[in-house]
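A quick write-up on the structure given underneath.
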Amino acid sequence: MVGALRIAIAEDSAILRDGLVQLLVDRGFVITGAVGDPAALRSSVSQNPPDVAVIDIRMPPTFTDEGLRLALDLRSRHEGLGILLFSQYIETRYAADLLADDAAGIGYLLKDRVADVSDFVEALERVAVGGTALDPEVVTQLLGATRRIDSLSVLTMREREVLGLMAEGRSNAAIANALVVSEGAVEKHVANIFAKLDLPVSEKDHRRVLAVLRFLES
Amino acid sequence: MTPDPGEDSSVKVRIGGRELSMALTEEQKLRVKALTNTVLHEPFTARPWKELAFFLLGSGLAGVGLAFVAFTMGAGVVLAITVVGLAILALSLRSARGIGALQRSLARNMLGEEVEDPEPFLGRPGFFGWLGSRLRDRVAWRSVAYLALKVPWSILGVFVAFSLWWDAFVLLTLPLFGHGGGGSPVWGLVSAFFPAHDFNGFNSGGFTRDLAGFVLGAIFFFAAPWVMRGFVNVDRQMIRSLLGPDPMATRVRSLEQARTQTVDASAATLRRIERDLHDGTQAQLVALAMRLGMAKEKLEVDPDHVDLERIRELIDAAHRGAKEAIAELRDIARGIHPPALDIGLEGALATLAARSAVPTELSVTMQARPTPAIEAIAYFCVAELLANVAQHAQASRASVFCTQQGTWLRLVVRDDGTGGAQLTTVGSSSSGLAGLADRVHAVDGQLYLVSPPGGPTVVTVDLPLAT
């Protein structure tokens, strides 16, 4: 990787904010700003642009979806800025809003995921290079809410696992790693899934995520 | 008018040839004058004529209405074995409701009698739901009862009050037109007492008779407005009690409001607890897991270069976080239900007073124990009020008095701070004192705030011992 990744953080809980800064500095990231509310992040991002903004969804003043609106706003102003939304709850609708037109450089994770530092850092790096990182919980909710149960039943258990990991935004290599199989085997599964579900084959990982999500939501 | 001081201060009344003399005080004289004034002026004001018009119009309407409702109801009952009969009955009740509304607006426009509209009709979904609701519509049945009472009352009123007017009219106009008495029964009596004697075509008895009739007519003329008013006032009372909102329904409505407040208050409480958990314990636990995760990674990476110092720091921070999370969780649990309440209000309040940041004097004199719900509200009131004192009042002392007054519990929380507290409501959700007031109102209690700028602030909360 060329140089250290630059991260800005908006999180209103001081304990978590400090913990995150500690964790990321420890891992060699550069923190461009660590703030507690949307307005402060806006000015921090324009003054000292980061690669990724890590944003808590519930922030002052109303503690509802400030973070989500901030994320959409930053996306439209700063092209190529990665966004990692970070929350104690997963709302499937927030994911849908966030991924409305593009899944490139978008992440949506439960705060719990920071406990597995490597996974969290990996997700952050994925978002930084224009990939996607969706929480397994988002994928589970989407799989649970989908009306395409019949279509999913044509998949084998393994293929469903691969579908889930694919929806989280993982690359073939990462999926192979997670399932402890060869990358070739993953590629074969992915090809099968796309054929069985009649999905358009895409090269980029984040296009793949969108295709899968569209399929699950429709 | 001021009485002339030279005037004889007695009134002479001649009854049966004897003169009665009554000494009257100035005040009584004034009153008699005012009364005479009123009686003499009354027929020339608008009010009696409006009342007369209302009575005649309302009676006519009630008569037609009752006839219609009675006929349709009769038809409905006869056909009640079929759905059609029930539907006719329902429509009949629907029209009774309408007639009631008409009577109400008549009273409003002609008498200025402001009767609140009764509760609107709420039909259940579907035809049979509608039918059932119509047949059970209390407002409609009360309208029917009104019509059934109003019609006989109107008949009586027309006989008594209206015929007074009619007689007054006939008797007063008799000397002018010399008509035959126009069928007035009173004229018949007058004629019997003063029979006419014809002397060569000269009606000698006519003058005395006409004079007696005229005097009687005048008396009737001045008395009629008051008799009419009596009838109208009874009608007003019937309209108020039968066409206005049902007292039962009014009570139900106020209970519904209280219930809404309670539901809102408990929703707000749940939201607060969620917020506390989210911002406090959950965040603490995430940070804790994060630190342990970092420590774990540090142990895993390179067995030869384990940074023990850093790991110790991380575990130390995690340990502190865990203890803080436990303390926060305990506070939140206490916010849901204070365990101290299990031993009684006095003990719980003692804990609160002892924990208060401002030195607080406590006095509790209770003979009976309130219900748990009231104890909880009393506890949270004191907790919130003492927290307010600590945060805003800049007080050096505070006191809490909890006394029993009959079936009421009275809490008085006082501080010597800067005052200026207000029962403000922020947006749609009430905050602080206003939130407390809502909570207190939900159990029919009251919260009073006295807080002049410069202090002191006294908040008094009255709660029923049992809900």
Side-chain angles (χ1 to χ4, degrees), chain A residues 7 9-29 31 34 36-37 54-68 84-91 94 108-125 135 137, chain B residues 267-303 305-329 331-332 426-431:
Chain A
I7 313 286
I9 300 168
E11 160 68 65
D12 64 306
S13 160
I15 312 168
L16 275 182
R17 192 168 61 230
D18 296 348
L20 265 179
V21 170
Q22 229 176 59
L23 182 146
L24 294 175
V25 169
D26 214 52
R27 280 300 192 117
F29 292 92
I31 305 299
D37 64 90
V54 177
I55 300 172
D56 180 17
I57 291 191
R58 277 182 27 166
M59 274 194 290
T62 68
F63 298 95
T64 50
D65 60 350
E66 270 81 6
L68 178 71
L84 181 66
L85 275 182
F86 197 50
S87 171
Q88 280 175 358
Y89 308 98
I90 290 295
E91 301 289 345
Y94 288 173
Y108 184 15
L109 291 184
L110 269 180
K111 284 186 180 172
D112 317 11
R113 305 302 168 202
V114 292
D116 296 312
V117 183
S118 297
D119 283 358
F120 177 68
V121 167
E122 190 198 299
L124 200 56
E125 283 168 347
D135 198 277
E137 182 68 16
Chain B
T269 307
L270 287 178
R271 210 175 308 129
R272 188 175 49 75
I273 294 169
E274 189 272 343
R275 174 79 58 81
D276 288 349
L277 285 173
H278 178 272
D279 296 349
T281 318
Q282 265 185 318
Q284 282 281 9
L285 289 177
V286 169
L288 172 63
M290 180 162 58
R291 295 210 167 91
L292 288 177
M294 284 164 75
K296 200 173 116 196
E297 292 227 324
K298 291 219 175 298
L299 281 170
E300 278 164 2
V301 276
D302 192 354
H305 297 89
V306 172
D307 182 355
L308 271 181
E309 192 50 40
R310 178 82 183 109
I311 291 170
R312 195 189 306 280
E313 265 174 37
L314 285 168
I315 289 181
D316 208 39
H319 183 221
R320 262 201 318 275
K323 286 194 286 191
E324 276 169 33
I326 292 168
E328 266 169 20
L329 207 50
D331 281 348
I332 292 167
V426 180
S428 57
S429 67
S430 35
S431 71

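By convention in this document, chain letters (A, B, ...) are assigned in the order of the sequence lines, proteins followed by strands, and residues within each chain are numbered from 1.
Residue F120(A) does not touch chain B at all, counting heavy-atom pairs closer than 4.5 Å. Using a 4.5 Å cut-off between heavy atoms, E297(B) contacts chain A through its side chain alone, with no backbone atom that close. Contact of R275(B) with chain A is made through backbone and side chain together, with heavy-atom distances under 4.5 Å. Only the side chain of R27(A) comes within contact range of chain B, judged by heavy atoms closer than 4.5 Å. Using a 4.5 Å cut-off between heavy atoms, E11(A) does not touch chain B at all. For L314(B), the part lying near chain A is the side chain, with the backbone staying farther off; criterion is any non-hydrogen pair under 4.5 Å.
Put simply, the side chain of L20(A) does not reach to within 4.5 Å of the side chain of I7(A), judged on heavy atoms. Contact check for F63(A) versus R271(B): no side-chain heavy atoms found under the 4.5 Å cut-off. Residues D26(A) and K298(B) have side chains in contact (heavy-atom distance under 4.5 Å, counting atoms from C-beta outward).
Between D56(A) and S87(A), the closest heavy-atom pair is OD1-CA, 4.4 Å.
Taking a cutoff of 4.0 Å between a charged side-chain nitrogen and a carboxylate oxygen, D316(B) and R312(B) do not qualify as a salt bridge. Using a 4.0 Å cut-off between charged nitrogen and carboxylate oxygen, D119(A) and R113(A) do not count as a salt-bridge pair.
For the options D112(A), I15(A), L16(A), heavy-atom pairs under 4.5 Å to chain B are most numerous at L16(A).
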